[in-house]
Amino acid sequence: MAQNPPSPGHPGRQLAVLALAFVVLYGLALFSGTSGMSWLERLEPRLGLDLVGGTRVTFLAVTEDGSSPAADQLEQARQIIESRVNALGVEEAEVVSEGDNLIVISVAGEGEDALRSVGQPAELRFRKVLYTTSGAGTVMPNPTPSPSASPGASGSPGPTPSPDASAEATPGPSASGSPAAGASPTAAATPPASPVPSASPGPEPSPGGEVATDEELRQQVIDIVGQEALDAALRLTGPANLSADPELERTLEPFSRLTGEQVAILPAKVQFNVPTISCAQLNARPPGSVRDTEQIVVACDSAGVIKYLLDAATVLGPDIDNAKEVFNPQTNSWSVSLNFNGEGQRKWTALTREAVTTHEGAPLDQSQLGDDNLYGGTRPIQCDQFTAVGDDRHCLVAVVLDNTVVSAPEPTQVLSRQSEITGNFTAADARTLATQLRYGALPLTFQQQESQTVTATLGTEYLRAGLIAAGIGMALVMLYSFFYYRLLGIVIIGSLVISSLLIYAALVVLGRSMGFTLTLAGISGFIVAVGVAADSFVIYFERVKDEVREGRTPRSAVARGWVRARRTIISANAVTVLAALVLWLLSAGQVRGFAFALGLATVLDLLVVFTFRHPIMTLLARTRAFLSPTVSGLGRALELERAAAGAREPRTREA
């Protein structure tokens, strides 16, 4: 029983799908994320370091004793930095370790600002706020900023503090207020002082590349401020009111000339109580200056407005299970959503419970506040016991990233597993912070050593040579196609052109949305994909010829040849895509770029096969030209079929 010929399908619908793909891709390329771009810039793909040059940044790993770090720590830091760089949208960045204490990052374009953040330790600490004062370098008459917040639907601690003196809390079971509200800064801001050991993150490289020891830094401080000023600072019982004591102002003025490394060597009480030590100096301290989780520390907000005295840390970065950036359309602001793990949830709940537990204020009894409590590392009594009589308010909880207070809200209820860090974040800031927290803190402290521009002269020459070679290869393919397949050569050239246009639009969109960077390796992947596309042509056209030789008409042969070739084409392309996927998963750097380009081009070739090549062949099979051996490209197959048909016709007459 003869089988019915397969349906030729609906070529119009298939071509409409292809047109829709063009509209979507080029619509995204021209109108998505293109604010401020010219029309030409909107169609420019993102090029790699070897094509357009870029930036190379070197980070020096610093240990506490000045020795070289362990090899496994350096490799772990390199992997974390590479993950951060890729997560920031910088694909195919080169992150390599050099020697026993250097990590070098190379990215295309002007990427120094983006790379500066990836070398930060990203050590997250949640600390209860004990006191606040001005961080501008002088003491305000009433340095009592009063941030407040409510958790919101997701349990968010709330927004960052503002320097306003009377910010009100958002609706919720909290009472707004500020640390030491209504108290004078000298009487109720900090407990009495006494000489204590200084805390330093360890030796730091000097501008000349040498490492200054703690003892050398202490001597530098004495040389700059003098022993008399240092003793006066140690005697302070709270932030000094310089406007009321001009003599003390002259004594403490030299502290304003200290560098960040020199300020870091001072005790926390001096950093907090000396008004001439500004937030600019505190924020310039080396990474890791407030790393000790058992010590009370001093930190500032990123704006340099508020100086915080912070309790020992109870919730740390490793207690976070996941972090991601979130946009709140109601407030038109970005935040970072946090999910704590099991142990972290327990710690976070305990910290917020302690912060929201209200107590009636009592008169400050200085005799209760020994140095061991406030500066020796043990937990002090609760912050709201230092406020004025009758003041009933919650403690602030500071979110400290490295040396900076990112946010210091006043929780209004006990929070559990999910919370948010809110602040004056841009989308890039929120993404950077979420990336740093998601991939964990660096096991080492890094100091940026140098940044230099890399030229693309060699890559440009290679690109020019590669494009010439690709042009010659394409010309030979076109000549061979027209010589061997005649009319069918138009289908081949049309398919390659359409594939190229789709690939180009995909490069522009992917470069803008996920940071895919086109390098010489990627271009090689696209050129190899041309060979894969050529294989599918050969498979399909030869199947059509086989059907014609078996006595079928060209129209029927096109439909039957497609059914027979379709499975083979899908299988061959699937193997290529799987190979590219495995290579992408197991490799790094430019090899991943090659694999990604190969896989992308192969997938788009499959799209063109189904939405252009087959429907165009179906339409051509209905034309007179397709029946001509000279024009169609079926050539010898049609001649043999006609000869066989002529031989069968006389036998039919004889019968």
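For the numbers below, each heavy atom of this structure counts, side chains included, while hydrogens, waters and symmetry mates do not.
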(request) Apply salt bridge (charged side-chain N to carboxylate O under 4.0 Å, His left out) to E228 and list each qualifying residue two or more places apart in sequence or on a separate chain. (result) none

(request) State which residue, out of V298, L236, L252, T133, fulfils the side-chain contact (heavy atoms from CB on, under 4.5 Å) condition with N273. (result) L236

(message) Taking the side chain as everything from C-beta on, heavy atoms only, tell me whether I222 gets closer than 4.5 Å to L230.
(response) yes

(message) Walk me through whether L234 and V270 qualify under side-chain contact (heavy atoms from CB on, under 4.5 Å).
(response) CA-CA 6 Å; L234 290 169; V270 174; 3.6 Å; yes

(request) Using only heavy-atom distances, determine whether the side chains of D231 and Q227 contain a donor-acceptor pair under 3.5 Å. (result) yes

(message) Please report the interatomic distance CZ(R125) to CG(L310), rounded to the nearest 0.5 Å.
(response) 12.5 Å

(message) E75 vs Q79, test: side-chain hydrogen bond (donor to acceptor under 3.5 Å, both in side chains). Steps then yes/no.
(response) CA-CA 6 Å; E75 175 58 22; Q79 293 176 0; 2.9 Å; yes

(request) State which residues pass salt bridge (charged side-chain N to carboxylate O under 4.0 Å, His left out) with D429; sequence neighbours excluded, sorted by chain then number. (result) none

(message) Any non-hydrogen side-chain atom of F255 less than 4.5 Å from a side-chain atom of L266?
(response) yes

(message) When you compare the side chains of E215 and Q219, does any donor N or O come within less than 3.5 Å of an acceptor on the partner?
(response) no

(request) Kindly assign one of parallel, tilted or perpendicular to the pair W348 and F340, based on the angle between their ring planes and the thresholds 30° and 60°. (result) parallel

(request) Could you grab the distance from atom OG1 of T293 to atom CG of L316, nearest 0.5 Å is fine? (result) 6.0 Å

(request) Begin from the C-alpha positions of I277 and L282 and carry the test side-chain contact (heavy atoms from CB on, under 4.5 Å) through to its verdict. (result) CA-CA 8 Å; I277 296 178; L282 291 170; 4.2 Å; yes

(request) Apply side-chain contact (heavy atoms from CB on, under 4.5 Å) to the pair E253 and L242, showing each step before the final yes or no. (result) CA-CA 10 Å; E253 187 277 332; L242 300 185; over 6 Å; no

(request) Supply the atom-to-atom distance R250 CZ to L248 CG, rounded to the nearest 0.5 angstrom. (result) 10.0 Å

(message) So, taking the atom named CG in L309 and the one named CG in L130, what distance separates them when rounded to the nearest 0.5 Å?
(response) 5.0 Å

(request) Check the pair I103, V95 against side-chain contact (heavy atoms from CB on, under 4.5 Å), reporting the backbone distance first and the verdict last. (result) CA-CA 7 Å; I103 289 182; V95 183; 4.0 Å; yes

(request) State the CG-CZ distance between L351 and R346, to the nearest 0.5 angstrom. (result) 11.5 Å

